[in-house]
There are 2 protein chains.
Amino acid sequence: MNDCSSCIVRNRAICSSLTPDELLILGKMGRRQKVKAGHTLLWEGDDAPVVANVLEGVLKLVVAASDGREQIVGIVFPSDFIGRPFGKESPYSVTAMTDAEVCIFNRNAFDDFASEHPDLQQKLLRRTLDELDRARHWMMLLGRKSATEKVASFLLEMSDRLSGQGCNADGSLNGFELPFGRQQIADILGLTIETTSRQLTRMKSDGLLSLPSRREIVIRNRAAMEEMAG
Amino acid sequence: MNDCSSCIVRNRAICSSLTPDELLILGKMGRRQKVKAGHTLLWEGDDAPVVANVLEGVLKLVVAASDGREQIVGIVFPSDFIGRPFGKESPYSVTAMTDAEVCIFNRNAFDDFASEHPDLQQKLLRRTLDELDRARHWMMLLGRKSATEKVASFLLEMSDRLSGQGCNADGSLNGFELPFGRQQIADILGLTIETTSRQLTRMKSDGLLSLPSRREIVIRNRAAMEEMAG
DNA sequence: CGGTCATTTGATAAACATCAATATAAGTGG
DNA sequence: CCACTTATATTGATGTTTATCAAATGACCG
């Protein structure tokens with residue numbers, strides 16, 4: 001059984017809506033599980049018997065075409081929720097991009113628990129609404145933005161979302177380390193790896209950013225970058 | 001005050017979770033409003049003081065870039081819900097594509113009501129989860145599919161979603177009338193109007209469909225269309 | 001019937017993908 | 001710790017797709 005009171009994401013995950021008593025019940029239902037980088041937790045189209053909270057690491061949500069083309073439709077960080085409550089099949093695959101740890105629940109048991117705990121359900125609703133907003137803005141990026149705009153938008157969003165992780169909690173971070181490589185960036189932006197790479201190289205030579213190592217990004221001119229994001 | 005018991009979308013809208021007593025209270029909060037085709041109900045980025053149920057007509061959710069490019073990120077049909085509960089700004093514009101009628105609520109009043117009615121909140125959660133799934137599959141289309149695949153996918157989805165409206169409730173309809181023109185199709189698919197038109201013309205000459213009038217579509221070879229959708 | 005708007009069609013250009021070849025970094029076993 | 005191997009990323013040359021610009025056709029409306 002889990003000791004939720006010492007959970008790292010205790011106050012950020014949806015569990016934060018629960019009283020100590022309720023947490024005890026939920027703790028009995030969940031179990032911690034490590035996921036190796038590259039391992040797929042849920043497969044698109046398969047029955048998905050579980051939902052989970054992310055404790056550590058970064059995972060991707062992927063929709064694939066029959067011929068193998070992939071589009072990443074979501075990136076999941078610690079304290080985020082994964083899985084599809086009130087649904088049977090997983091609408092996308094969930095794969096770890098880094099070594100990760102999740103707190104897993106049986107979906108039916110979770111659904112029942114949620115139905116009896118309106119506060120938890122409201123937290124889930126708020127999160128889902130936020131995700132939907134994010135997804136819809138991403139649709140604008142995918143459908144209407146140029147490669148340059150895509151990459152600029154991506155870097156700015158990453159500098160925001162990775163801020164929670166690091167130390168500088170002052171809004172957004174200019175220097176950060178991406179938890180994944182170029183191909184994944186391409187799969188997020190609906191581009192090829194070559195186009196993605198070329199955009200980054202161009203931005204580097206234009207002095208907008210520097211690339212200290214493969215996965216590190218330092219935004220040197222945020223104003224110009226925001227201009228570029230369209 | 002509204003008489004919800006006679007509402008056309010009574011059993012399909014989120015209100016269907018409510019008892020007659022509750023419905024009476026909600027009925028007092030809402031008011032019916034007609035919206036002319038082309039009129040914008042909510043503006044992206046503005047404070048959105050209302051949420052609503054769609055009674056009649058079709059509306060679009062639009063995200064725009066600073067230079068005017070538009071991406072349609074959602075299409076809303078009768079019995080669907082519009083607006084952003086638990087949030088202040090509207091993350092996108094909501095514009096009527098046909099003459100429409102909605103049942104409008106003050107957002108704060110609705111949020112409070114929802115917080116006290118878990119069943120309503122669960123209905124809203126389920127709907128939001130469905131919308132999110134749909135949005136994410138649309139991301140795959142926008143990011144990874146070719147123009148041909150986009151148009152084919154679009155026609156197939158429309159034939160499904162418009163079925164509820166018509167008489168043939170046998171799954172999906174091969175002949176249907178789109179509630180909007182070519183430019184809107186382009187804005188849904190992340191294409192230009194010219195490319196969209198060319199794809200349709202090609203499909204027509206390939207015998208996949210016929211175009212009896214501007215807005216009517218008849219799918220003549222569904223199997224081939226599904227093949228094309230990728 | 002003429003005018004307006006939406007759509008189609010055509011010619012050309014730009015953006016991005018694809019194919020192919022390095023280059024650079026990250027592991028691995030000696 | 002260093003050569004060797006492998007994976008990842010960059011760069012270059014070329015091709016395809018889709019956008020853009022421009023014009024013509026067709027539908028709808030008074």
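Since we're looking at a predicted model, the values are computed, not measured. Here is how names work: the chains are called A, B, and so on, in the same order as the sequence lines, proteins then strands, and each is numbered from 1. Only heavy atoms go into these numbers, but all of them, side chains included; no hydrogens, no water, no symmetry mates.
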Checking Arg12(B), Arg134(B), Arg161(B) against Asp80(B) for salt bridge (charged side-chain N to carboxylate O under 4.0 Å, His left out), the one that qualifies is Arg161(B)

Does Glu194(B) make a side-chain donor-acceptor contact with the base of dC21(D), cut-off 3.5 Å? yes

Could you check which of dT10(D), dC16(C), dT7(C) has an atom nearest any side-chain atom of Ala147(A)? dC16(C)

Please compare Thr195(A) and Thr148(B) by the position of their nearest nucleotide in DNA chain D and report the one closer to 5'. Thr195(A)

Side-chain donor or acceptor of Trp43(B) paired with backbone N/O of Val94(B) under 3.5 Å: no

Separation of atom NZ in Lys150(A) from atom P in dA15(C), rounded to whole Å: 14 Å

For Arg144(B) and dT17(D), give me the distance from atom CZ to atom P, rounded to whole Å. 16 Å

Would you kindly give the CZ-to-C1' distance between Phe180(A) and dT8(D), to the nearest whole Å? 15 Å

For the side chain of Arg214(B) and the base of dT7(C), is some donor closer than 3.5 Å to an acceptor across the two? no

Closest nucleotide of DNA chain C for Leu191(A) versus for Ser213(A): which of these residues is on the 5' side? Leu191(A)

Without decimals, in angstroms, what is the distance between Arg198(A) CZ and dA15(C) C1'? 12 Å

Taking CZ from Arg69(A) and P from dC16(C), how many angstroms apart are they, rounded to a whole number? 18 Å

Strictly distance-based, threshold 3.5 Å: is any side-chain N or O of Ser90(B) a donor or acceptor partner for the main-chain N or O of Tyr92(B)? yes

Side chain Lys145(A), main chain Ala229(A), donor-acceptor under 3.5 Å: yes

Tell me what Ser146(B) touches on the nucleic acid: a base, only sugar-phosphate, or nothing, going by heavy atoms under 4.0 Å. sugar-phosphate

Determine the contact category for Arg182(B): base if any of its heavy atoms lies under 4.0 Å from a base atom, sugar-phosphate if only primed atoms, P, OP1 or OP2 are that close, otherwise nothing. sugar-phosphate

Rounded to the nearest Å, what distance is computed from the CD1 atom of residue Ile193(A) to the C1' atom of nucleotide dG12(D)? 16 Å

Within this structure, what is the CD-to-P distance between Glu216(A) and dT24(C), rounded to whole angstrom? 18 Å

Ser159(A) and Arg222(A): side chain donor to acceptor below 3.5 Å: yes

Would you indicate what Leu200(A) reaches in the nucleic acid, counting non-hydrogen atoms under 4.0 angstrom: base, sugar-phosphate, or nothing? nothing

Just how far, in rounded Å, is C1' of dT18(D) from CG of Leu142(B)? 15 Å

For a quick check of understanding: with a heavy-atom distance under 4.0 Å over all strands, which category does Thr192(A) fall into, base, sugar-phosphate or nothing? base

